There are 2 protein chains.
Amino acid sequence: MSSYVPGFELPLRLLLAFRMLIDELHTELHQQGHPDIRPMHGFVMQAIGPDGTTAVELGRTLGVSKQAAGKTIDTLERVGYVERTTDPADSRRKIVRLTAYGMDALDRSARVFDDLRARWAAELGADRLRELESDLRRMTPGNPWRLDTPGWFGNL
Amino acid sequence: MSSYVPGFELPLRLLLAFRMLIDELHTELHQQGHPDIRPMHGFVMQAIGPDGTTAVELGRTLGVSKQAAGKTIDTLERVGYVERTTDPADSRRKIVRLTAYGMDALDRSARVFDDLRARWAAELGADRLRELESDLRRMTPGNPWRLDTPGWFGNL
DNA sequence: CACGATAGACAACCTGGTTAACTATATGGA
DNA sequence: TCCATATAGTTAACCAGGTTGTCTATCGTG
């Protein structure tokens with residue numbers, strides 16, 4: 001709105017900064033052979049991890065029901081980012097694993113984020129950026145790898 | 001997941017910080033007579049503004065179709081945050097205005113965000129917080145009142 | 001070996017987005 | 001003045017992704 005309230009700016013700037021980075025990442029990925037990737041996919045693939053996981057476990061990690069996790073896996077499978085294999089040790093379980101294409105998306109994401117961070121460092125100075133990260137780390141204790149973001153966005 | 005990639009931390013911390021503020025805001029609001037408010041409502045009510053708006057205009061502001069804006073208005077109307085009145089000057093238009101209850105939600109949000117910012121200042125020091133905000137402002141040029149967040153979240 | 005727990009699939013439902021089609025009303029130019 | 005065009009809002013059909021509940025198959029243990 002028009003009325004300037006200092007307290008409003010902090011959350012909005014944090015969100016804008018996040019959106020900027022995510023948008024730039026995906027513009028890059030779309031040009032680098034990943035036209036179908038969406039921001040959510042990155043979170044899910046991070047949650048799947050290098051060793052694979054199951055729908056139930058993925059649901060717990062993402063903060064959604066196992067059914068919702070199953071649907072998400074369906075989507076990623078259709079795009080070619082994951083594949084399901086049955087667990088030889090337990091025929092109830094289906095292990096979801098990243099494909100080479102999926103791992104490529106994660107590798108490229110890491111590289112793009114590093115580039116974007118370097119751009120921030122060039123603009124702000126390396127010291128200021130480190131301070132910014134340190135301050136954010138201080139205000140958001142715990143590991144940054146909380147991947148329940150899909151569940152969180154769900155009830156926005 | 002486990003492999004530490006510096007570039008990944010920045011966006012994740014920005015998002016975590018945003019989520020923390022939003023979650024704390026809504027915990028507060030739920031206890032202050034707004035049990036039905038959801039994060040999205042704040043954005044929409046900000047977009048409606050003190051003078052009211054129409055569904056088409058709101059859709060443009062939020063970055064969604066006029067039909068989606070209409071549905072959102074329905075929801076907010078049901079909860080009691082907005083009311084529709086017909087424009088006497090143009091009988092096609094229906095002006096959507098915040099109710100007193102809706103304005104109360106915005107007022108309380110502003111106060112809670114100010115409190116949260118004060119808590120950050122107490123933890124980080126006022127100078128560091130101002131630097132953090134200044135750095136974010138520098139990296140996210142433009143006004144922070146881009147309210148197309150609902151549309152943006154839509155295709156996450 | 002039977003029973004409780006677990007993994008996954010399926011169905012029905014909700015929300016909030018989309019596009020398309022339709023009605024009613026304004027508006028501006030011939 | 002009248003008609004063509006543009007605009008506001010509603011409705012419908014569809015989609016994605018979340019929910020809960022139910023069902024089957026399999027595991028593991030007492």
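So you know, we letter chains A, B, ... as the sequences are listed, proteins then strands, and number each from 1. Note that the structure is a prediction, hence the values are computed from the model and not measured.
In terms of the side chain to side chain contact (heavy atoms under 4.5 Å, CB included) criterion, residue partners of B:Ser134 (sequence neighbours excluded) are, by chain and number, A:Arg128, B:Arg137. Every residue meeting the side chain to side chain contact (heavy atoms under 4.5 Å, CB included) condition with A:Thr85, not counting sequence neighbours, appears here in chain and number order: A:Ile95, A:Arg97. Residues passing the side chain to side chain contact (heavy atoms under 4.5 Å, CB included) test with A:Val56, sequence neighbours excluded: A:Thr54, A:Arg60, A:Lys66. With sequence neighbours excluded, the residues forming a side chain to side chain donor-acceptor pair (under 3.5 Å) with A:Arg108 are A:Gln32, A:Asp104, listed by chain and number. Applying the side chain to side chain donor-acceptor pair (under 3.5 Å) test to A:Arg92 and every residue at least two apart in sequence or in another chain returns A:Asp90. Residues satisfying the ring-ring contact (aromatic ring centres under 6.0 Å, His included) criterion with B:His34, sequence neighbours excluded, are B:Tyr81, B:Tyr101.
By the 4.0 Å N-to-carboxylate-O rule, A:Asp114 lies too far from A:Arg117 to be salt-bridged with it. Under 4.0 Å is where a charged nitrogen must lie from a carboxylate oxygen, and between B:Arg138 and A:Glu123 at least one such pair does.
In this structure, the side chains of A:Leu62 and A:Asp148 stay at 4.5 Å or more apart for every pair of heavy atoms. Residues B:Leu21 and A:Leu14 have side chains in contact (heavy-atom distance under 4.5 Å, counting atoms from C-beta outward).
One can place CZ of A:Arg93 at 18 Å from C1' of D:dT24, the figure rounded to the nearest angstrom. Rounded to an integer number of Å, the gap from B:Met40 CE to D:dG18 C1' is 13 Å. Here C:dC10 presents its C1' atom at 13 Å from NZ of A:Lys94, a figure rounded to the nearest Å.
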Polar pairs (N or O, both sides) under 3.5 Å between protein and nucleotides 12-14 of chain D?
none

Enumerate the protein-to-nucleotides 22-26 of chain C contacts in which both atoms are nitrogen or oxygen and the separation is below 3.5 Å.
unit_1: C:dT25; atom_1: O3'; unit_2: B:Ser91; atom_2: OG; d: 2.8
unit_1: C:dT25; atom_1: O2; unit_2: B:Arg92; atom_2: NH1; d: 3.3
unit_1: C:dA26; atom_1: OP1; unit_2: B:Ser91; atom_2: N; d: 2.8
unit_1: C:dA26; atom_1: OP1; unit_2: B:Ser91; atom_2: OG; d: 2.7
unit_1: C:dA26; atom_1: O4'; unit_2: B:Arg92; atom_2: NE; d: 3.4
unit_1: C:dA26; atom_1: O4'; unit_2: B:Arg92; atom_2: NH2; d: 3.3

Margin query: Please determine whether side chain to side chain contact (heavy atoms under 4.5 Å, CB included) holds for the pair B:Leu25 and B:Ser109, giving the CA-CA distance in whole Å, both sets of side-chain angles, and the decisive distance to 0.1 Å.
Written below: CA-CA 7 Å; B:Leu25 167 68; B:Ser109 298; 4.1 Å; yes
Next item on the list: Start with the C-alpha distance between B:Leu12 and B:Leu16, add both sets of side-chain angles, then the distance that settles side chain to side chain contact (heavy atoms under 4.5 Å, CB included), and finish with yes or no.
Entry: CA-CA 6 Å; B:Leu12 288 174; B:Leu16 270 185; 5.6 Å; no
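Terminal axes of the helix from C:dC1-D:dG30 to C:dA30-D:dT1 (five pairs each, C1' rotation axis) are separated by 0°, to the nearest 10°.
Screening residues 40-75 of chain A for ring pair (Phe, Tyr, Trp, His ring centres under 6.0 Å) gives no qualifying pairs among residues at least two apart or on separate chains.
For the segment residues 54-62 of chain B, residues with any heavy atom less than 4.0 angstrom from an atom of DNA chain D are, sorted by number, B:Thr54, B:Ala55, B:Val56. Residues of residues 75-87 of chain A having a heavy atom closer than 4.0 Å to DNA chain D, listed by number: A:Thr75.
OP1 and OP2 of D:dG18 both lie 4.0 Å or more from every side-chain N or O belonging to A:Ser65.
Each of B:Thr53 and A:Val64 was assigned the nucleotide of DNA chain D with the nearest heavy atom; the assignment lying further toward the 5' end belongs to B:Thr53.
Donor-acceptor pairing under 3.5 Å is lacking for the side chains of B:Asp135 and A:Trp120.
Of the residues B:Lys94, B:Lys71, B:Arg84, the one that meets the salt bridge (Lys or Arg N to Asp or Glu O under 4.0 Å) test with B:Glu77 is B:Arg84.
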